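One structure below.
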4 protein chains.
Amino acid sequence: MSLHRSGPVRSEAARRSILEATARLFVERGYERLTIEGIAAEAGVGKQTIYRWWRAKSAIVSECLLEGLLLSHRLVPPDTGDVHRDLVDWMGEIFRLMAEPSGEVLVRSLIAAATEDAQIGRKLRDTLGSSVITDRLRAGVGSASNLYEGAPFEEIAEALVGSAIVRALSREPGDRAAAEALVTASIGRPAAF
Amino acid sequence: MSLHRSGPVRSEAARRSILEATARLFVERGYERLTIEGIAAEAGVGKQTIYRWWRAKSAIVSECLLEGLLLSHRLVPPDTGDVHRDLVDWMGEIFRLMAEPSGEVLVRSLIAAATEDAQIGRKLRDTLGSSVITDRLRAGVGSASNLYEGAPFEEIAEALVGSAIVRALSREPGDRAAAEALVTASIGRPAAF
Amino acid sequence: MSLHRSGPVRSEAARRSILEATARLFVERGYERLTIEGIAAEAGVGKQTIYRWWRAKSAIVSECLLEGLLLSHRLVPPDTGDVHRDLVDWMGEIFRLMAEPSGEVLVRSLIAAATEDAQIGRKLRDTLGSSVITDRLRAGVGSASNLYEGAPFEEIAEALVGSAIVRALSREPGDRAAAEALVTASIGRPAAF
Amino acid sequence: MSLHRSGPVRSEAARRSILEATARLFVERGYERLTIEGIAAEAGVGKQTIYRWWRAKSAIVSECLLEGLLLSHRLVPPDTGDVHRDLVDWMGEIFRLMAEPSGEVLVRSLIAAATEDAQIGRKLRDTLGSSVITDRLRAGVGSASNLYEGAPFEEIAEALVGSAIVRALSREPGDRAAAEALVTASIGRPAAF
DNA sequence: TTTTAACCGAGACGGTACGTCTTGTCTTATA
DNA sequence: TATAAGACAAGACGTACCGTCTCGGTTAAAA
């Protein structure tokens with residue numbers, strides 16, 4: 001007598017195939033023009049296999065994001081010890097991504113997906129920002145006028161991510177100077193040496 | 001000899017009817033479940049009349065926004081002379097809107113619409129933020145640590161709007177304390193008395 | 001290893017429902033005002049189910065005709081042994097059908113359908129005429145001046161059906177006397193007694 | 001006091017232009033794909049000008065037919081004195097027309113138009129057949145077994161036209177042999193010399 | 001000569017139907 | 001019992017025409 005139900009178990013191959021197909025089509029066509037049927041065809045999978053395991057296309061995208069299939073992890077800020085410079089480099093990198101057509105579609109599509117699925121919204125906020133940035137900010141206390149003990153680190157991180165999103169939505173991606181200005185607006189001017 | 005082409009002229013009645021129907025359905029159902037057919041039916045108008053004048057549903061929503069049919073103008077910050085308090089009140093108002101189910105759908109839907117139409121993105125940024133806020137910030141120079149002469153006012157305003165959008169996407173609308181923290185993160189601490 | 005493809009099989013219920021709905025609407029409204037959408041609605045079926053199996057509305061009508069859903073089988077000539085009288089009775093019956101408004105619409109609509117689909121044309125010719133009539137003509141050799149051994153039986157049958165169609169198109173259905181004249185024109189005068 | 005109304009009179013230029021455009025499009029695309037909008041555009045005319053003078057597209061086609069813009073008058077049987085041969089030549093000519101793709105579309109389209117407009121049906125019957133043929137038949141009394149004094153000349157002509165129409169509908173246009181057989185079926189065998 | 005009514009072209013309007021696409025569910029045969 | 005395949009009811013898409021109505025401009029008979 002067994003505690004296991006009978007029959008085959010979820011196919012990992014199908015799952016991977018679906019996630020990879022989704023990532024491919026998402027990047028290629030954007031979220032709006034991504035369809036369940038298209039994913040099924042691209043993945044060589046029956047539609048039911050998708051519906052069995054995910055409640056909506058946003059959930060598949062969410063899982064892609066979780067698996068790192070959509071946003072590369074190069075979006076982590078560098079750590080040179082100079083917080084202001086690191087953040088400017090990091091925002092600059094984000095703006096550079098958004099300046100390429102494919103990156104622009106990707107980010108915009110992620111925002112679209114986020115409007116349907118809070119988890120994507122949170123993941124987007126966290127991936128682009130939050131925890132990593134918060135730690136860096138905390139470590140930089142004293143190095144800029146707004147980075148004092150007990151400063152609203154979370155909110156500062158949020159404001160930076162938010163700025164990037166607003167730029168994505170208004171299609172004005174910004175450049176290094178904009179990154180500079182935004183970071184200065186967020187953490188204040190660097191402390192004099 | 002005339003500068004006018006002959007033939008009937010665009011029906012203002014149909015235009016208004018379409019915009020009003022769109023606003024009604026948008027608030028009621030959100031952007032995703034808003035359909036051209038639904039708008040046509042609600043407005044008592046042929047579909048072709050819509051396609052003749054707008055290239056996509058996002059364009060209709062954009063025009064609604066422009067005509068003030070979607071975001072009430074109560075989202076303008078008060079002016080008590082105390083910039084910090086005014087901004088906190090204003091962000092608090094936005095968070096209050098986003099805490100109601102209908103307001104949450106509205107804002108999220110506007111973001112979804114913005115992912116398809118840059119003009120909506122810009123209008124959203126400007127309506128929620130930019131010019132009005134920028135002016136207020138400029139007037140408040142000296143009243144908070146980040147509001148010095150030549151500070152990046154635009155970027156500060158952008159960061160505030162961006163924060164609200166991030167909150168909308170992650171479904172963590174925030175309360176008065178969050179508003180307080182965000183404003184403090186953006187414009188720094190109020191000047192000492 | 002199997003010769004069968006997987007997946008569900010064509011729904012016979014849907015097929016019947018579509019054909020019956022088509023027959024009903026065809027008789028009621030005529031071919032021109034018969035629409036795919038109307039058929040789908042009447043049959044309680046999705047439009048795609050129709051388009052999956054038929055290339056045009058004429059093909060559905062054709063299949064209705066094949067299944068005997070449109071022309072009752074009372075249009076078979078009687079067999080009393082007297083070919084001339086039998087043919088007159090049969091043409092009279094056709095004219096009687098065409099004299100009723102609903103029959104008139106039916107026949108005219110079948111002709112309209114035939115202009116779009118050769119198969120309907122052939123079926124119409126055969127159902128109204130050909131094989132059955134040809135046999136009867138062949139059996140009547142010697143009983144009329146044109147019914148000799150090796151006479152063009154096919155062409156005679158065709159001429160009779162053609163006459164009926166011309167009458168339908170010119171809305172002059174004819175009566176028993178016309179039937180008499182036509183039959184006489186086709187097979188010649190009855191043999192003298 | 002006058003019986004004449006004021007204002008300009010019907011534009012003959014517009015009328016001709018419409019009829020010619022109709023004839024051109026009818027031949028080119030067939031009756032089904034002929035549209036009022038297409039005619040208006042082709043004729044360089046407002047739609048209202050069409051609707052002012054004709055109740056339906058079938059009426060325009062009918063008028064084209066009347067003006068000889070659709071069926072050339074070469075479809076008149078020759079007159080060599082030998083009725084049987086003349087009729088065979090004439091039917092052969094009709095079959096030859098129907099064997100060309102454009103002629104096939106034309107005839108089939110005329111039948112389609114006739115299903116909507118009795119006048120077209122009658123005109124078709126008369127143009128292809130009736131009066132001219134009837135006269136010829138009457139003149140041929142004695143030259144074939146069915147052409148006796150008081151024979152159903154009208155019905156014979158009708159049967160010939162009907163045969164051609166049946167052939168058009170079943171897309172089996174026939175050749176000279178078929179013409180021979182049909183004529184023989186209709187008027188009987190030529191009298192022995 | 002002025003008026004005036006009907007003509008003309010253009011084309012916007014409220015509609016209907018088209019044929020296609022996608023959704024989410026259901027069914028079948030296979031593994 | 002999970003899978004690939006795919007039929008199904010539903011319904012939105014964007015397009016094509018329908019027949020009506022509304023413009024500004026033109027024309028010819030009536031006043």
Side-chain angles (χ1 to χ4, degrees), chain A residues 5-11 13-14 33-38 40-41 43-53 55-57, chain B residues 1-11 13-15 17 33-41 43-53 55-57, chain C residues 1-11 13-14 33-38 40-41 43-53 55-57, chain D residues 1-11 13-14 33-41 43-53 55-57:
Chain A
R5 56 168 186 64
S6 72
V9 94
R10 178 173 187 181
S11 158
R33 294 171 49 212
L34 179 71
T35 65
I36 300 277
E37 299 221 320
V45 133
K47 283 200 290 176
Q48 196 52 256
T49 304
I50 297 179
Y51 283 108
R52 198 177 346 261
W53 302 109
R55 33 165 254 293
K57 75 174 175 175
Chain B
M1 174 178 157
S2 166
L3 296 173
H4 303 294
R5 64 156 196 69
S6 76
V9 97
R10 179 173 185 181
S11 159
R15 183 180 155 275
S17 181
R33 294 171 48 212
L34 179 70
T35 65
I36 300 278
E37 297 220 321
I39 295 170
V45 133
K47 281 201 286 176
Q48 197 56 253
T49 301
I50 296 180
Y51 285 108
R52 193 176 294 119
W53 302 108
R55 32 166 254 293
K57 73 175 175 174
Chain C
M1 176 180 152
S2 164
L3 296 172
H4 303 296
R5 64 157 194 69
S6 77
V9 99
R10 179 173 186 181
S11 159
R33 293 172 48 213
L34 179 69
T35 67
I36 300 278
E37 298 218 323
V45 133
K47 282 201 287 177
Q48 196 58 44
T49 301
I50 296 179
Y51 284 107
R52 191 176 295 120
W53 301 109
R55 34 167 252 292
K57 73 175 177 174
Chain D
M1 176 177 155
S2 164
L3 296 173
H4 300 294
R5 59 162 191 69
S6 72
V9 95
R10 179 174 187 179
S11 157
R33 294 170 48 212
L34 179 70
T35 66
I36 300 279
E37 300 220 321
I39 294 170
V45 132
K47 282 200 291 176
Q48 196 55 257
T49 303
I50 297 179
Y51 284 108
R52 200 181 343 263
W53 303 109
R55 33 166 255 291
K57 74 174 177 175

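Here the structure is a predicted model, which is why all the values come from computation and not from measurement. Lettering follows sequence order; numbering is per chain, from 1.
- B:G38 comes within 4.0 angstrom of no nucleic acid atom, judged by non-hydrogen atoms across all strands.
- Whole-Å rounding puts the A:I50 CD1 to F:dG6 P distance at 15 Å.
- When rounded to the nearest whole Å, the span between CZ of C:R10 and C1' of F:dA5 equals 18 Å.
- Heavy-atom nearest nucleotides on DNA chain F were determined for B:Y51 and for C:G44, and the one closer to the 5' end corresponds to C:G44.
- Note on A:T49: a side-chain N or O is less than 4.0 Å away from OP1 or OP2 of F:dA4.
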Please list, pair by pair, any protein nitrogen or oxygen found under 3.5 Å from a nitrogen or oxygen in nucleotides 21-23 of chain F.
| residue | atom | partner | partner atom | Å |
| --- | --- | --- | --- | --- |
| F:dC21 | N4 | D:Q48 | NE2 | 2.4 |
| F:dT22 | O2 | B:P8 | N | 3.4 |
| F:dC23 | O2 | B:G7 | N | 2.7 |

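- Atom CD1 of A:I36 is separated from atom C1' of E:dT25 by 13 Å (rounded to the nearest Å).
- When every heavy atom of D:A14 is checked against every heavy atom of D:V45, the shortest pair comes out as CB-CG2, 4.2 Å.
- Within the structure, a side-chain polar atom (N or O) of C:W53 is placed less than 4.0 Å from OP1 or OP2 of F:dC8.
- Within a 6.0 Å sphere centred on CZ of B:R33, heavy atoms belonging to other residues, nucleotides or ligands number 12 at most.
- Residue B:R52 places at least one side-chain N or O closer than 4.0 Å to OP1 or OP2 of E:dA12.
- Between B:A43 and B:S17, the closest heavy-atom pair is O-OG, 2.8 Å.
- A cation-pi contact, defined as under 6.0 Å to the ring centre and within 45° of the axis, is absent between B:R15 and B:W53.
- The shortest heavy-atom contact between B:A40 and B:G46 is CB-C, 4.4 Å.
- Separating the CD1 atom in A:I50 from the NZ atom in A:K57 is a distance of 12.0 Å, to the nearest 0.5 Å.
- Annotation: of the two residues near DNA chain E, D:A14 and A:R33, the 5′-most nearest-nucleotide partner is D:A14.
- Counting to the nearest Å, the P atom of F:dT15 and the CD atom of B:E37 are 13 Å from each other.
- Mapping C:K57 and B:R15 onto DNA chain E by nearest heavy atom places B:R15 closer to the 5' end of the strand.
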